[in-house]
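Below is one structure, written out as structure tokens; comments come after it.
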Amino acid sequence: METLVLKFGGAALRDLGQFQKVADIIALKKNSYDRLVVVVSAMGKMTDELLSLARQIMPDPPKREQDMLISVGERISMTLLAMVLFQRGYQAISLTGSQAGIITCGRHSDARVLDVKPRRILPHLDEGKIVIVAGFQGVSSDGEITTLGRGGSDTTAVALAIALKATRVEFYKDVKGIYSADPKKDHTAEYLPELTYIEALKITMKSERKILHPRAIELAIKNNIPLLVSSFEEEGSGSLIIQDGRDLFEKPIYEALECSVQ
Ligand code: ASP
Ligand code: MG
């Protein structure tokens, strides 16, 4: 049975109306995949707003408290999306990064994924439920809540896809896909329906607006997970990032074995 991981960013979840559009995409995918995992970011600019609240109290808040605060953004998205799906008659369950088994090092605000233990995800998938996971967050071996750095939900999605041996990850963004350059600044920019990981990495590294988190691409390269970058507004569009000629899933390789604590 094939597993698909979908990822929706802040723009796709900017208000409750958008949640309905996201639910439409999920419903469509549920027709072709029995096992669906949906990774969500915080709504719109919520992470910035939470950070600004903290900074009104002190310019450099303790990183542990900051992680506890900003990880809330993704929890709001996951629960609201679960409710929207329930309302439509789907069985869904939301899980925090920690509940989903995203194990990270203890480096607050810039943690790396060390392992994924999807013990609590699998039984729900077996029962046919749509599992919604809060992106951007994990738990350290001490049980502390960590975050992966800004834009980290993309990395959560790829890490889960590795652990669940998913067919691919589909990212729903406010762009049609990946262009050779920024189409807003360069009129010669070409839309790329298919590209390799290295091309995708080069493009995202040099563009100011990160279409995909480079760490997510690096993680996909190490594990040969196909990625589709698609628009939540334009059905059927998308850039597929793949690489031929490598064996799938010899053994999962995550971001790091440990990280230095700042
Ligand atoms: N909400 C977090 C951020 O804005 C994570 C993410 O969007 O991927 O950085
Ligand atoms: Mg965000």
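Whatever order the structure lists ligands and atoms in, that order sets their numbers, starting from 1. Because the structure is predicted, anything quoted here is derived from the model rather than measured.
- When only modelled atom types and interatomic distance are considered, R119 and Q99 share no side-chain donor-acceptor pair under 3.5 Å.
- Set against the non-hydrogen atoms of F136, the atoms of ligand 1 under 4.0 Å away are 2 (C), 5 (C).
- Between the side chains of S94 and T79, not a single donor N or O lies within less than 3.5 Å of an accepting N or O.
- Ligand 1 has G151 within reach: a non-hydrogen atom of the residue lies less than 4.0 Å from it.
- When each atom of ligand 1 is checked for a heavy atom of R150 under 4.0 Å away, the hits are 3 (C), 4 (O), 9 (O).
- Scanning G9, S153, A42 for the heavy atom closest to atom 8 (O) of ligand 1 points to S153.
- Looking only at side-chain heavy atoms (C-beta outward), L195 and S239 come within less than 4.5 Å of each other.
- Residue S41 has at least one heavy-atom neighbour below 4.0 Å for each of these atoms of ligand 1: 6 (C), 7 (O), 8 (O).
- The shortest N or O to N or O distance between G149 and ligand 1 is not below 3.5 Å.
- Residue contacts with ligand 1 include E74, since one of its heavy atoms falls under 4.0 Å from the ligand.
- Among E144, Q66, E65, the one residue that satisfies the side chain to side chain contact (heavy atoms under 4.5 Å, CB included) test with H108 is E144.
- A donor atom on one side chain and an acceptor atom on the other are not found under 3.5 Å apart for D67 and T146.
- With Y191 as the aromatic partner, K176 meets the cation-pi criteria of under 6.0 angstrom to the ring centre and within 45 degrees of the ring axis.
- Polar contact with ligand 1: absent for D154 (N/O pair, distance under 3.5 Å).
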